[in-house]
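None of these values were measured; they are calculated from a predicted model. Each ligand, and each atom within it, is numbered from 1 in the order the structure gives.
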Amino acid sequence: TAAAVEEQPIKPSVQINHTQLLINGNFVDSASGKTFPTLDPRTGEVITHVAEGDAEDVNRAVAAARKAFDEGPWPRMTAYERSRILFRAADLMEKHNDEIAALESWDSGKPYEQSALVEIPLVVRLMRYYAGWSDKIHGLVVPADGPHHVQVLHEPIGVAGQIIPWNFPLVMFAWKVGPALACGNAIVIKTAEQTPLSALYVARLFHEAGLPDGVLNVISGFGPTAGAALASHMDVDKLAFTGSTATGKVVLELAARSNLKPVTLELGGKSPMIILEDADIDNAVELAHFALFFNQGQCCCAGSRTFVHERIYDEFVEKSKARALRRVVGDPFRKGVEQGPQIDNEQFNKILRYIKLGKDSGASLVTGGDRLGSKGFYIQPTIFSDVQDDMVIAQDEIFGPVQTILKFNNLDEVIRRANASRYGLAAGLFTNNMDHANTLMRALKVGTIWINCFDVFDAALPFGGFKMSGQGREKGIDSLKAYLQVKSVVTALKNPAW
Ligand code: ADP
């Protein structure tokens, strides 16, 4: 209810110790001396000011990373030593779980319980996964047709530039730095301007764990300045980006125009969540609700096109409405809150514009449709039914708590319609019919399919998109490949008999 968001915001129990840039192991001001405010999404008020990195700071950070990679101890340490540092960093994160979670929720507006019980533990788990990889990365000896001994070396790629978004600040940080460090690279990472705080805290823990200076540099700042400088830097050997498809195109072009650094992209989505007619409706409603509303709807893989079989459609819509009305929206630091505010004013207004577009295009507004309360960036859990494929709300990524429910009649039809998207990030299925599940699983052009579940993010599971949802994969073994160079070595044999 509106009252729940009008109360005085709860004060997070954490101190903000780090607001400067982290370059070469030291917290420093930006070269320009400029700072920018990071805002509390509950109120729109300033939490603190952080140093604003720009091209000159990116140059300094890349130089430090270059030196750490070319001359420093990091790539030359034994893999076991690197592994131990990463394990220690994971232990420190686990020890400081609650402070990190508080910073994360304060800066991003996501429920504290979600940060503390789900996201930070996921980050720790992922760091341990990659710490475990450090001493298991090795090349091959392959058979040759001639009198040659042929080896394939797997070497770290060098200086990795990484650009991350605000929806899962620390999870995105971990997906990027985990594999890059496991392979022995040096890093310059630019955090999202909305959420700079948690990465600075955690980067310091990496140093406490023994990471050498210059291996992990963190730049807070804006996209067109700091981000673009990193993407187009001549001394950055690899770029990894997560964000919108539009910005993904920009950074890919910057990388191509500068030094052709290889790029991995994790971009937008409009993922189908398909409910077949055999589904237990109550469970299907709950799963589809979670698939869309989790994290205030701010997920690249959100199940944002809920396709429901016509036989159960009306009941599904009614029950989804009841569930949305029960959703607990409020101060993310209050116990039991499921949904906090959206990240900022820009996203807030964008979502309200899409809601208006939905109404204007003739979709039925089932519930919600407006802001919640009078301050901060809270939006009512919103549902549209009778949504048609050609409506903008069924095609664009809304990135907010707006569920669009579409009706379908048979499997072939829903396959065609689900695939008729420029995106291909993920899909959800809800059915006990194994044949239908198998058919859909093979037919859908997406990078991840969740069957009778959603948003499961095991460290070993590669994540990424088909089509305009991206290039390459993160997590799992696939992510390591993006941070390694491959070198073939052929040695002539004097005595080919052996
Ligand atoms: P959103 O619109 O959801 O904020 P973006 O794709 O714009 O998503 O942002 C994701 C990340 O990309 C952020 O760290 C942002 O600062 C950065 N970014 C935005 N524009 C550019 C750009 N022109 N060059 C490099 N990075 C950018």
Side-chain angles (χ1 to χ4, degrees), residues 21 30 34 36-39 41 50-55 57-59 61-62 107-110 160-177 187-200 217-233 236 238-259 261 263-270 295-302 304 341-351 353-354 377 396-400 423 425 465 468-471 474:
L21 310 174
S30 59
K34 281 201 286 190
F36 65 99
T38 185
L39 307 181
V50 300
E52 180 183 336
D54 202 340
D57 305 292
V58 168
N59 287 341
V62 171
D107 219 5
S108 70
K110 66 177 71 211
Q162 306 180 320
I163 300 174
I164 54 174
W166 46 261
N167 58 339
F168 293 96
L170 208 58
V171 172
M172 293 297 105
F173 178 87
W175 289 17
K176 295 280 181 296
V177 307
I187 294 170
V188 178
I189 186 164
K190 192 202 83 67
T191 51
E193 56 272 26
Q194 296 88 344
T195 52
L197 297 179
S198 58
L200 293 172
N217 305 276
V218 183
I219 302 289
S220 315
F222 292 88
T225 50
L230 192 56
S232 51
H233 205 289
V236 169
K238 190 256 173 319
L239 185 73
F241 172 84
T242 298
S244 62
T245 294
T247 306
K249 289 184 176 183
V250 172
V251 298
L252 186 59
E253 195 172 334
L254 292 175
R257 280 181 194 279
S258 50
N259 62 348
K261 57 181 80 60
V263 180
T264 41
L265 300 171
E266 207 68 80
L267 309 175
K270 191 73 181 175
N295 205 45
Q296 293 71 246
Q298 302 168 145
C299 301
C300 50
C301 56
S304 50
Q342 308 306 125
I343 186 74
D344 64 11
N345 198 39
E346 191 182 325
Q347 292 292 323
F348 175 80
N349 286 324
K350 185 180 124 188
I351 295 161
R353 272 200 307 277
Y354 273 117
F377 311 125
D396 285 13
E397 191 174 35
I398 300 174
F399 231 63
Y423 297 117
L425 193 54
M468 285 171 73
S469 289
Q471 301 184 1
E474 295 195 302

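Listed by chain and residue number, Glu104 satisfy the side-chain hydrogen bond (donor to acceptor under 3.5 Å, both in side chains) test with Ser198 (two or more places apart in sequence, or in another chain). Scanning for side-chain hydrogen bond (donor to acceptor under 3.5 Å, both in side chains) contacts around Lys176 gives Thr242, Glu474, with sequence neighbours left out.
Checked by distance only, ligand 1 and Thr247 come closer than 3.5 Å through their nitrogen or oxygen atoms. Any N or O atom pair closer than 3.5 Å counts here, and Pro165 shares no such pair with ligand 1.
Distances below 4.0 Å separate heavy atoms of Lys190 from the following atoms of ligand 1: 14 (O), 15 (C), 16 (O). For ligand 1, the atoms closer than 4.0 angstrom to any heavy atom of Trp166 are 1 (P), 3 (O), 4 (O). Those atoms of ligand 1 with a heavy atom of Val250 less than 4.0 angstrom away are 23 (N). Using a 4.0 Å cut-off to heavy atoms of Ile164, the atoms of ligand 1 that qualify are 11 (C), 13 (C), 14 (O).
The aromatic rings of Trp166 and Phe399 stand perpendicular to each other, their planes meeting at an angle above 60°, with 30° marking the opposite boundary.
Taking a distance limit of 4.0 Å, we find that atom 4 (O) of ligand 1 is approached by some protein heavy atom.
With rounding to the nearest 0.5 Å, the separation of CG in Asn295 from CD in Gln342 is 9.0 Å.
Ligand 1 lies nowhere less than 4.0 angstrom from a heavy atom belonging to Ala231.
Neither the backbone nor the side chain of Asn167 comes within contact range of ligand 1; no heavy atom lies under 4.0 Å.
Regarding atom 12 (O) of ligand 1, its nearest protein heavy-atom neighbour is Phe241 CE1, 3.2 Å.
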